[in-house]
Number of protein chains: 2
Amino acid sequence: MSAGRPTISDVAAAAGVSKATVSRFFNHRERLLSPDIAARVQAAIDQLGYAPSPMAQALSRGRSRLIGLVVADIANPYSVAVLRGAERACREAGYLVMLFNLGNEPGREREAIEALAGYQVDGFILNTLGRGHSVPDAVAAQGKPVVLIDRRHTGMQTDFVALDNAGAMAQLCSHLQAGGWQELLYVTEPVAGVSTRRERTAAFGTCLQAPMAGSVFESAEGDDAALLAALAALRRRAGRKRRPAVVAGNAVVTLRVARAVRELGWQFGSDLGFAGFDDPDWAPLIGPGLTCIAQPTDAIGEGAARCLIERLQGHTGPARRVLLEGQLVVRGSSAPG
Amino acid sequence: MSAGRPTISDVAAAAGVSKATVSRFFNHRERLLSPDIAARVQAAIDQLGYAPSPMAQALSRGRSRLIGLVVADIANPYSVAVLRGAERACREAGYLVMLFNLGNEPGREREAIEALAGYQVDGFILNTLGRGHSVPDAVAAQGKPVVLIDRRHTGMQTDFVALDNAGAMAQLCSHLQAGGWQELLYVTEPVAGVSTRRERTAAFGTCLQAPMAGSVFESAEGDDAALLAALAALRRRAGRKRRPAVVAGNAVVTLRVARAVRELGWQFGSDLGFAGFDDPDWAPLIGPGLTCIAQPTDAIGEGAARCLIERLQGHTGPARRVLLEGQLVVRGSSAPG
DNA sequence: TTGTAAGCGTTATCAT
DNA sequence: ATGATAACGCTTACAA
């Protein structure tokens, strides 16, 4: 009766009622419990410091009020920022988030989904690596509602929340154009199989109306020499009449570009223009400050959580696509000249 | 028999054996199961795609193979880096980590610990805010093993893993001294009640043997004007014979100092020396590069996980203090002159 | 070596 | 309005 956490039986005994009554105290108090009994139960609960076991509840109810959140890489500030928004929204709706970090290791999605499913999560929020196709299968197997963040998967008709990539790219390019930066290089992590990267790259292509010209460079980790060469080529292409600028596909790329520029001894805003996706907190400190698209990460996370919770509350209907606008933060790296 | 996940009963039925036999297949296969029966069970498992429910197992066993990890702020790269190390070590030992993020909101520790305890976590790894004293109580109430990361709590006799703060501070100061930076300012987040900050501040004091001189400035969020004033005062104090340098207490402070220096129009490495705790990935990009102490975050997380798992495996004995060495990364901000 | 049955801490369906 | 009692999916004596 006393070792470990008190159970519903302990409370029932202490209050001199049945387990069912104690359970009702938590679940249907107003509707069907007499005030004096309720008071006795309350007293027993306080005295013992009782709290229901979520695990036992989940087992019995078949629902856990747990939401499974899979992130591609917890070390990536974007993932973390989104995670924060989602976690807060879930918590406010009475759900707890169970987190699974893929650590950027490919092929762990299935493991993640199954581990989470084992804990009877009621639904999934997925910010996956985006490659491979184990995700659709694994999710389908669970038959639980899902919302995708940032990266879509072919063959999955689920809710999807992300930045408006095309709109953000248009903002970046027209801003650069207005500043007189006409020879662009879009630097992205390897595109293959990742929807976000594909979309941004495609949007970059459509932004290249005359007088703008541009090309794309895929920057892989550790491949710094190639990036240096690409930047050198960019400036050569631009010559002395057209100003060269880099558009970075995300904060990881921004860091690589900043390192490269430093190594080349160039100055942002004069030797090379810059504007990129994501707005890391160190962006104002690099050279004259880096112009960036700040993603509404909180809203993305919150939107995803909302979508999922609506589904959990029975909302049915076609898969939704929620695209949120980025905010252009102008700094010296894109100064007109 | 078929809706939702298959259960142990489904497998038992399909294999024509009892539930107990299926259970034994997972838990005591070698010791007490005949090969042919094992094969039949295996076949049924494969056919149905069965996996045991961790929740039901936890309920039945009283142990969950879950470790509760509380982090002060998931947006803080230090927390995240430690988390990664801990998570990996736990996973390799067959434990899953259940994460609770305090989001830097004071007073949520108790909530966190109780929520985690509800899921029957076998033990806790705590990287808390460090203020208040709800933590010791809440933990004691659960009677489960605990290891503290980075911040200690008075009145808790538990394992503790952290950076060797005194050693790291000594490295920073003697490095600055060697470079001729003799007038120091230690900038820290508000010290009150946070053991790490207290220890580093104290260590700074003991480093100030002649010819070194120094003082301490507590920098609060949003209080930029005061920081600017403190830096100006530092340079004034130094005069023209002694070179002034800042020691930053962590990456958050480093960011603030970098912003302030930029605003003042100073140059790191000449107008102002710098060396700080934590080595964010943008440190090489600020001015001539910022000299930093890189914390062994992976090792800290892993060490904490190991400590806890040993306790879970029955290790008993006095509370341990594991202090790990930081690594000094020298860059231009502390250049001798 | 295998099966039976009683738990683990809840909720839900009956009665009363 | 309240109390038995059977689930929920699993483990573990105890029997056989």
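Residue numbers begin at 1 in each chain, while the letters A, B, ... track the order of the sequences. Scope of the values below: all heavy atoms of this structure, side chains included, with no hydrogens, waters or symmetry mates.
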What about B:Lys19: does its side chain form a donor-acceptor pair under 3.5 Å with the base of C:dT4? no
So A:Asn127 and A:Ser79, side chain to side chain donor-acceptor pair (under 3.5 Å) or not? Walk me through it. CA-CA 8 Å; A:Asn127 166 227; A:Ser79 292; 3.1 Å; yes
Between B:Leu59 and B:Ala38, which has a closest nucleotide on DNA chain C that is more 5'? B:Ala38
Spacing of B:Gln120 atom CD relative to C:dG9 atom P, expressed in whole Å: 8 Å
Residue B:Thr21, side-chain atoms from C-beta onward, closest of C:dT2, D:dG3, C:dG9: C:dT2
To the nearest angstrom, the CD1-P distance between B:Ile8 and C:dT2 comes to 15 Å
Measuring to OP1 and OP2 of C:dG3, would you say a side-chain N or O of B:Ser18 lies under 4.0 angstrom away? yes
What is the distance, to the nearest angstrom, from the CZ atom on B:Arg61 to the P atom on D:dA13? 13 Å
Under 3.5 Å, is there any donor-acceptor pair linking the side chain of A:Arg24 to the base of D:dG3? yes
Using whole Å, report how far OH of A:Tyr119 lies from C1' of D:dC10. 13 Å
Ring centers of B:Phe124, B:Phe100 separated by less than 6.0 Å: no
Under 4.0 Å: is that the gap between some side-chain N or O of B:Ser60 and OP1 or OP2 of D:dT11? no
What does B:Val22 touch in the nucleic acid at a heavy-atom separation under 4.0 angstrom: a base, only the sugar-phosphate, or nothing? nothing
If each of B:Ser34 and A:Thr7 is mapped to the nucleotide of DNA chain C with the nearest heavy atom, which maps nearer the 5' terminus, i.e. the 5' end? B:Ser34
Reckon A:Tyr50 touches a base, only the sugar-phosphate, or nothing at all at heavy-atom distances under 4.0 Å? sugar-phosphate
Here the gap from B:Asn104 atom CG to B:Arg108 atom CZ, rounded to the nearest 0.5 Å, amounts to 10.5 Å
Do you see a donor-acceptor pair shorter than 3.5 Å between the side chains of A:Asn27 and A:Arg61? yes
One pair to check against salt bridge (Lys or Arg N to Asp or Glu O under 4.0 Å): A:Glu310 and A:Arg306. What are the steps and the verdict? CA-CA 6 Å; A:Glu310 284 176 25; A:Arg306 271 196 211 302; over 6 Å; no
Need one value for B:Ser53: base, sugar-phosphate or nothing, where a base atom within 4.0 Å counts as base even if backbone is also close, heavy atoms only. sugar-phosphate
Nucleotide C:dG9, atom P - distance to CG of A:Asn27 in whole Å: 17 Å
For A:Phe25 and D:dA1, what is the distance between atoms CZ and P respectively, to the nearest whole Å? 16 Å
